[in-house]
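Everything below concerns the one structure shown next.
Chain identifiers are assigned alphabetically (A, B, ...) following the order of the sequence lines, protein sequences preceding nucleic acid strands; residue numbering begins at 1 within each chain. Quantities reported herein were computed from a predicted structural model and do not represent experimental measurements. What you see below is based on every heavy atom in this structure, not just the backbone, and it leaves out hydrogens, waters and symmetry mates.
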There are 2 protein chains.
Amino acid sequence: MLYAGFMSADLPLFPQPQEPLDTPRLLEVGSAPDEPCLRADAARNRARLLEAAAELIAEHGAAGVTMEAVAAAAGVGKGTVFRRFGDRTGLLTALLDHSARKLQADFLGGPPPLGPGAPPVERLHAFGRAVLYRTAEQLDLHLAAQPEPTRRFSHPARRGLHTHVTMLLRQILPDADCDLLAQTLMAYLDPALINHLNRQCGMPMERLENGWTDLVARVTSTGT
Amino acid sequence: MLYAGFMSADLPLFPQPQEPLDTPRLLEVGSAPDEPCLRADAARNRARLLEAAAELIAEHGAAGVTMEAVAAAAGVGKGTVFRRFGDRTGLLTALLDHSARKLQADFLGGPPPLGPGAPPVERLHAFGRAVLYRTAEQLDLHLAAQPEPTRRFSHPARRGLHTHVTMLLRQILPDADCDLLAQTLMAYLDPALINHLNRQCGMPMERLENGWTDLVARVTSTGT
DNA sequence: AATGAAACTGGACCACGGTCCGGTTAAGGT
DNA sequence: ACCTTAACCGGACCGTGGTCCAGTTTCATT
């Protein structure tokens with residue numbers, strides 16, 4: 001089972017005076033498996049919920065699982081689920097949080113070529129490959145976790161990736177609008193696009209990988 | 001008011017033996033304002049619905065309009081709305097159909113540089129500008145009309161644009177994987193991205209336009 | 001004009017995401 | 001051990017998108 005176990009990435013921010021759980025601070029390196037001092041019962045329920053969700057998803061697919069079912073399977077009330085995870089995408093995102101953090105740790109402090117040490121272009125290539133395959137592995141979940149259009153780009157995890165790509169680009173193309181170029185590169189790694197190309201159109205992953213390589217080459221080629 | 005008046009782009013495809021309305025054949029040039037011989041009452045209701053929807057959207061914003069409200073405002077039952085337009089995004093898409101067809105006509109048969117006659121790179125530049133501004137004009141509607149991730153790229157209108165970009169690219173880069181490159185270019189024009197950059201991040205449209213120009217230049221630069 | 005069948009209609013109905021709030025419980029101070 | 005309080009809990013409740021189907025309307029045929 002592929003579930004997160006514990007760790008953060010919930011986002012309540014409700015009409016209450018609270019601030020009990022961390023908003024996903026994806027960008028900070030301190031990889032402490034935080035768990036922002038949730039009350040004991042709350043933490044226990046959180047774990048139960050994630051476990052139940054993972055189980056149900058493995059059984060019925062990410063799309064065919066209702067929040068109520070998760071609550072029931074975890075033996076808690078529906079309200080508890082929403083209090084903890086905010087909404088459906090919050091729960092799904094929490095399930096992905098583990099691998100998200102791992103990826104982030106890898107390209108932030110891991111060994112080259114993904115981590116620091118390799119030349120920026122190499123890191124960019126490695127980054128795309130990594131995201132591509134990681135996403136493909138958990139495609140259903142990624143698709144189901146995709147929030148509505150208005151929030152898609154505000155999502156902290158996505159912002160984290162985007163920031164990283166931007167910084168790499170800046171080292172390669174100091175004079176370009178790296179923010180926009182990074183958006184373009186990130187767009188190529190959109191789960192929905194991967195799904196369309198790989199599953200709906202039947203393109204093999206190797207072709208997508210080559211596509212990324214080619215794209216990076218074109219984008220980073222200085223116009224000389 | 002910005003409504004479509006009549007014309008096609010509905011998609012029922014239900015458990016019935018029917019095939020009464022056209023699936024949006026966006027790619028055919030014959031710009032006949034078809035209306036695929038709907039029954040008289042059906043056609044009337046369709047027009048009423050579109051009009052009512054446009055009105056309500058102008059009043060409450062695209063996001064704050066329920067299907068039931070549209071039905072009520074048009075003086076028909078809820079079932080009728082869904083039979084005609086399939087689902088919420090179907091209705092919203094139908095509202096955009098008019099300008100979608102106009103755009104398509106422009107780049108398919110209009111005057112250069114958008115239409116045929118100009119060199120492919122020029123057409124590509126013009127295409128991006130056109131889509132960019134057209135999308136920005138009706139951003140709310142475009143956002144609300146965006147279907148769930150699984151269908152985003154299967155959507156006929158999007159496929160039409162993608163095909164066109166692919167063909168232009170092929171004229172410029174006969175040896176590249178133009179299909180994938182076209183996806184990348186199209187991704188830059190995603191309404192959700194435009195919304196994020198322009199509205200949420202406050203980038204002026206000129207910057208996005210320059211971004212497009214730059215992107216096209218980089219992507220189409222032969223590596224010599 | 002009458003008729004039959006296909007197409008359409010409307011609103012009751014359902015499922016699911018999300019909210020609310022009275023009651024409960026854990027945690028820290030005394 | 002007890003008290004206070006803020007956080008948490010559960011499940012009743014609501015609105016909305018989408019489905020269903022018995023009844024009605026249109027239109028082609030005769």
TODO: Using modelled atom types only, decide if a donor and an acceptor are shared between the side chain of Gln200(B) and the backbone of Thr150(A) within a distance under 3.5 Å.
DONE: yes

Open item on the list: Tell me whether Arg48(A) is salt-bridged to Glu51(A), with the criterion being a basic N under 4.0 Å from an acidic carboxylate O.
Closed with: no

TODO: Nearest 0.5 Å please: distance from the NE2 atom of His142(A) over to the CZ atom of Arg134(A).
DONE: 4.0 Å

Open item on the list: If I take atom CG from residue Leu161(A) and atom NE2 from residue His155(A), how far apart are they, to the nearest 0.5 angstrom?
Closed with: 10.0 Å

- [ ] Assign Gly64(A) to base, sugar-phosphate, or nothing according to its heavy-atom contacts below 4.0 angstrom with the strands shown.
- [x] nothing

Task: Base versus backbone protein contacts along nucleotides 12-18 of chain C [heavy-atom cut-off under 4.0 Å; B, S, -] - done: ----SBB

Please tell me if the side chains of [X] and [Y] come closer than 4.5 Å, counting only heavy atoms from C-beta onward.
X: Phe85(B); Y: Leu92(B); answer: no
X: Asp140(A); Y: Ile57(A); answer: no
X: Met167(A); Y: Arg123(A); answer: no

Using the 3.5 Å cut-off, write out each protein N or O paired with an N or O of nucleotides 27-30 of chain D and the distance between them.
{"from": "dC27(D)", "atom 1": "OP1", "to": "Ala40(B)", "atom 2": "N", "distance (Å)": "3.3"}

Could you tell me how far apart [X] ([atom1]) and [N] ([atom2]) are, to the nearest whole angstrom?
X: Arg48(B); N: dG10(C); atom1: CZ; atom2: C1'; answer: 14 Å
X: Arg84(A); N: dA7(D); atom1: CZ; atom2: C1'; answer: 9 Å
X: Phe85(B); N: dC8(C); atom1: CZ; atom2: P; answer: 13 Å
X: Arg83(A); N: dC21(C); atom1: CZ; atom2: P; answer: 14 Å

Task: Distance test, side-chain N/O of Asn45(B) to OP1/OP2 of dC8(C), below 4.0 Å - done: no

Task: Residue list, salt bridge (Lys or Arg N to Asp or Glu O under 4.0 Å) with Asp179(B), at least two apart or on another chain - done: none

